[in-house]
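Bear in mind that the values here come from a model prediction, so they are computed numbers and not experimental data.
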Amino acid sequence: MYTIVKITVSALVIGVITALAKHSPRFGGILAALPLVSLLSLFWLYTQGERGDHLSQFLYGVLYGLPSTIVLIFIVALSLKHSLPFLLSVALGVGGWGLCLLLQKFLLSGVLLNFR
């Protein structure tokens, strides 16, 4: 039952944002840029009784994913602006997202910053 409530509430939030975006793309985009998925996930984890350190690790994971998400959104927006097909634009964005994550992992591993 709890899973059904989570799915229903989450779907309603997405549905409301999508409906608003039909009437005002900019306002819908601003709402979509809110960390709604992160906040919903955080809320669901909290109500399931997760400890504070687990919630903190989750939020650090969200921060880790932000740069690659920005890259994805930028690539998709730029591709659509230049009239590329929607699915190709999304595929390019996901590819850029993945490359960004790999680059970020490489940079943060200390390989380039290790001067020993």
If I take atom [atom1] from residue [X] and atom [atom2] from residue [Y], how far apart are they, to the nearest 0.5 angstrom?
X: Lys6; Y: Ser41; atom1: NZ; atom2: OG; result: 9.0 Å
X: Leu55; Y: Tyr60; atom1: CG; atom2: OH; result: 12.5 Å
X: Arg26; Y: Leu20; atom1: CZ; atom2: CG; result: 15.5 Å
X: Ser109; Y: Phe106; atom1: OG; atom2: CZ; result: 6.0 Å
X: Leu92; Y: Leu80; atom1: CG; atom2: CG; result: 10.0 Å
X: Ser89; Y: His82; atom1: OG; atom2: NE2; result: 10.5 Å

Just wondering, do [Y] and [X] contact through their side chains at under 4.5 Å, heavy atoms?
X: Ser79; Y: Phe86; answer: no
X: Val71; Y: Phe74; answer: no
X: Leu63; Y: Leu66; answer: yes
X: Glu50; Y: Phe58; answer: no
X: Gln104; Y: Leu108; answer: yes
X: Tyr46; Y: Leu42; answer: no

Mind checking whether [X] and [Y] sit in one hydrophobic cluster, side chains of I, L, V, M, F, W, Y counted as touching below 4.5 Å?
X: Leu40; Y: Val5; result: yes
X: Val9; Y: Ile4; result: no
X: Leu36; Y: Trp44; result: yes
X: Val37; Y: Leu101; result: no
X: Leu87; Y: Val94; result: yes

Tyr64 atom OH, over 12 foreign heavy atoms within 6.0 Å: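 Yes, the 6.0 Å shell around OH holds more than 12 heavy atoms from other groups.
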Name of the residue among Thr69, Ile70, Ile75 meeting side chain to side chain contact (heavy atoms under 4.5 Å, CB included) with Ile73: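 Exactly one pass, corresponding to Thr69.
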At their closest point, which heavy atom of Ser38 faces which heavy atom of Val62, and how far apart are they? OG-CG1, 3.4 Å
List the atom of Ile17, the atom of Gly28, and the distance in Å for their closest heavy-atom pair. CG2-O, 3.8 Å
I'd like to know if the side chain of Ser68 reaches the main chain of Gly65, judged simply by a donor and an acceptor atom lying under 3.5 Å from each other, with no hydrogens or angles considered.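 Yes, Ser68 side chain to Gly65 backbone: donor-acceptor pair under 3.5 Å.
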